[in-house]
**Q** 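Okay, here's the structure, questions in a sec.
In the text below, chain A, chain B and the rest are named by the order of the sequence lines, each starting its count at 1.
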Amino acid sequence: MHSLDWFILTAYLTYVIWHGVALSRGSADTQSFFLAGRSLPWWAVGLSVMATQMSAITLIGTTGQAYDDGLRFIQFYFGLPIAMIILSMTAVPFFYRAKVFTAYEYLEKRFDARTRSLTSFFFLISRALGVGVVIAAPSVVLSIVLGWSELPTIFAIGLSTTLYTMMGGVKAVAWNDVKQMLVIVLGLAACIAVILQSLPPGFHFQDAMFLAGAAGKLQTVDFRFDLSEQYTFWSGTLAALFLFLSYFGCDQSQVQRYLTARSVDESRTSLLMSAFLKIPLQFLILLIGILVFVFYQFVTPPMVFNPVAEQNAAARAPVHYQQLKQAFDDSHELRRQAATHYVNSRTLATGADGKRAFQKANDQFNSMRQEAVAFVRQTNEEPSFNDVNYVFPVFVLQNMPTGLVGLIVAAILAAAMSSVAAELNSLSTATTIDFYTRYVNPQGTDRELLRFARLSTFIWGLFSCVVATFVTNLGALIEVVNTFGSFFYGSLLGVFVLAFAVPKANASGAFFGLLCGMLSVWAVSEFSNLAFLWFNVVGTCATVLAGGSISYLTRDKA
Amino acid sequence: MKLSYPHKQTAPSKKWQSLYVLVAANTALTVLALIAFSRIFTA
């Protein structure tokens, strides 16, 4: 990176940490530290909700996914606005009026202490491992692309975020989220502007879209009802609805965001703001991936976007590598000519022929790229090798002007830090409220609780960094974390459905229902090929059915 | 404080009902716009 990029990046990070620490003056008691004294305006809470959900994985991963697979991923978000409406009507007033710090605290009021402790415990495990992945993903990618050392990158992201979260509490998290969202949106807008400027002369946005459309990148909605297919209209609308209901309604990292709002109505408004903006924002991110695809029609792309893996492959099998590289460059040149011809002839009578020729050249190019990826996978002895996550950072580094590289790297770090901060803050809240205050020090003074909250933030931050170092070495651990999350989310939602909607549900029903739900998801994952989004539906339904039945069998007959 | 079911839950006010309808309609329109976008540039 150029020194100007370094300056922008350093200035941004210093400001974020300084501002977070400065807010520690306003977090002198637990109400302020955990709930910002319920003083935040709806727009700040709404932006914080969105920033928490959008991690660096979203920014790096989905742009790369759009480059490879097109816009199909947008379907994943169709259920989100519906979830927000349902939660605005149900969970938000329940939590807000129950005057709780954590979602699980509510479960003790409704059921018993063991249900609260079990759900909070599962939340702590899944979220702490999740934070490790959120830190590790951008660290691995940025260290490879920018040549940084992996370990210092992990600890720089993890500990700087821990520092301001520990000092400033939820207020620092939320106000930094607002700034981080601004940096992210600015970075994305700059990317789009630069790519459009970089296209050949006379080449407009609509030409870019016709080219992407001809390559099959603009297929947005798939109405096939196939339960094994991950992204369809039905999985995005129905199955993802359950996931979002659970994530925004039962996961402390999100519930805590809207408990900081000034009133129930402001909490609701913050969720509806997210409902309005999420799909367009996600479309913007995916559009960047599409535009990067169009950009690389006219500029030779790297054969494989992970530079280290490509160098390894070239060193281990130089002859085969050179042959592949030559064939790859030739197929790119053929596709470039076909793309130019198609765009120039699109409105003419020969447009259809031009389109077919481009599609054929694009298919050949894709085959070459698949062959190259398979070659790198084999020579690097990494069966799970996938270079999708490297597309966007490599594009930025090689093609964005000086200054903007710093801004976009800052945006990637901002996305990571906003998620990590909110999650650390919620981990600390759950540890302090659901365990320390509940079992260890029920009579603790505000000062003692605050000290423990800060200490637990630091410990969770450190723990997440350690997890992140393992994630970088053990690729399969990411899968374990995601699978554990999907086992848990649907079942957790089931417990809250029992609490809110089943009047006769009792504590035994909720406790054993949760375990039955998780067991059902495990069975389905082992013995069927159901796409993982549907696990949330299975978990919720199994928990509600089992919990309802157990409640009926163990009902108080007196 | 032990919460017993049913919790007090009132129907959303007219203002909130309108807002929910607005968000639902906006989502439906967004999905339709995405389908149209896809059709226009894929045709």
**Q** For the CZ atom on R114(A), are there more than 12 heavy atoms of other groups (residues, nucleotides or ligands in this structure) within a distance under 6.0 Å?
**A** yes
**Q** With only heavy atoms counted, which part of K355(A) is less than 4.5 Å from chain B, the side chain, the backbone, both or neither?
**A** side chain
**Q** Measure Q75(A) against the heavy atoms of chain B and call it side chain, backbone, both or neither at under 4.5 Å.
**A** neither
**Q** Should D265(A) and W16(B) be marked as a side chain to side chain contact (heavy atoms under 4.5 Å, CB included) after you check the CA-CA gap, both sets of side-chain angles, and the distance that decides it?
**A** CA-CA 9 Å; D265(A) 280 0; W16(B) 282 103; 3.3 Å; yes
**Q** Using only non-hydrogen atoms and a strict under-4.5 angstrom cutoff, which residues of residues 285-295 of chain A touch chain B?
**A** none
**Q** What part of I279(A) lies closer than 4.5 angstrom to a heavy atom of chain B: side chain, backbone, both or neither?
**A** side chain
**Q** Please state whether the side chain, the backbone, both or neither of L80(A) comes within less than 4.5 Å of a heavy atom of chain B.
**A**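 The answer is neither part of L80(A).
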**Q** I'd like to verify something: which residue of S88(A), G216(A), A215(A) has the highest number of heavy-atom pairs under 4.5 Å with chain B?
**A**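 Highest number of heavy-atom pairs under 4.5 Å: S88(A).
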**Q** Between F223(A) and chain B, which part of the residue has a heavy atom less than 4.5 Å away: side chain, backbone, both or neither?
**A**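 For F223(A), the side chain is the part near chain B, not the backbone.
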**Q** Please tell me if the side chains of F37(B) and M209(A) come closer than 4.5 Å, counting only heavy atoms from C-beta onward.
**A**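 Yes, at least one pair of side-chain atoms sits under 4.5 Å.
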**Q** Does any heavy atom of chain B fall under 4.5 Å from the side chain of L211(A), the backbone, both, or neither of them?
**A** neither
**Q** To the nearest 0.5 Å, tell me how far F41(B) CZ sits from D207(A) CG.
**A** 9.5 Å
**Q** Tell me, out of V23(B), T27(B), L22(B), who's got the most heavy-atom pairs with chain A below 4.5 Å.
**A** V23(B)
**Q** How many angstroms lie between CD1 in I40(B) and CG in L218(A), if you round to the nearest 0.5 Å?
**A**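 If we round to the nearest 0.5 Å, I40(B):CD1 and L218(A):CG are 10.5 Å apart.
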**Q** For S38(B), does its backbone N or O pair with a side-chain atom of T220(A) as donor and acceptor, under 3.5 Å?
**A**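 No, T220(A) side chain to S38(B) backbone: no donor-acceptor pair under 3.5 Å.
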**Q** Side chain to side chain contact (heavy atoms under 4.5 Å, CB included), that's the test. Do I82(A) and Y20(B) meet it? Break it down for me.
**A** CA-CA 9 Å; I82(A) 307 163; Y20(B) 295 147; over 6 Å; no
**Q** Please list, in residue-number order, every residue in residues 231-244 of chain A that has a heavy atom less than 4.5 Å from any heavy atom of chain B; write 'none' if there are none.
**A** F233(A)
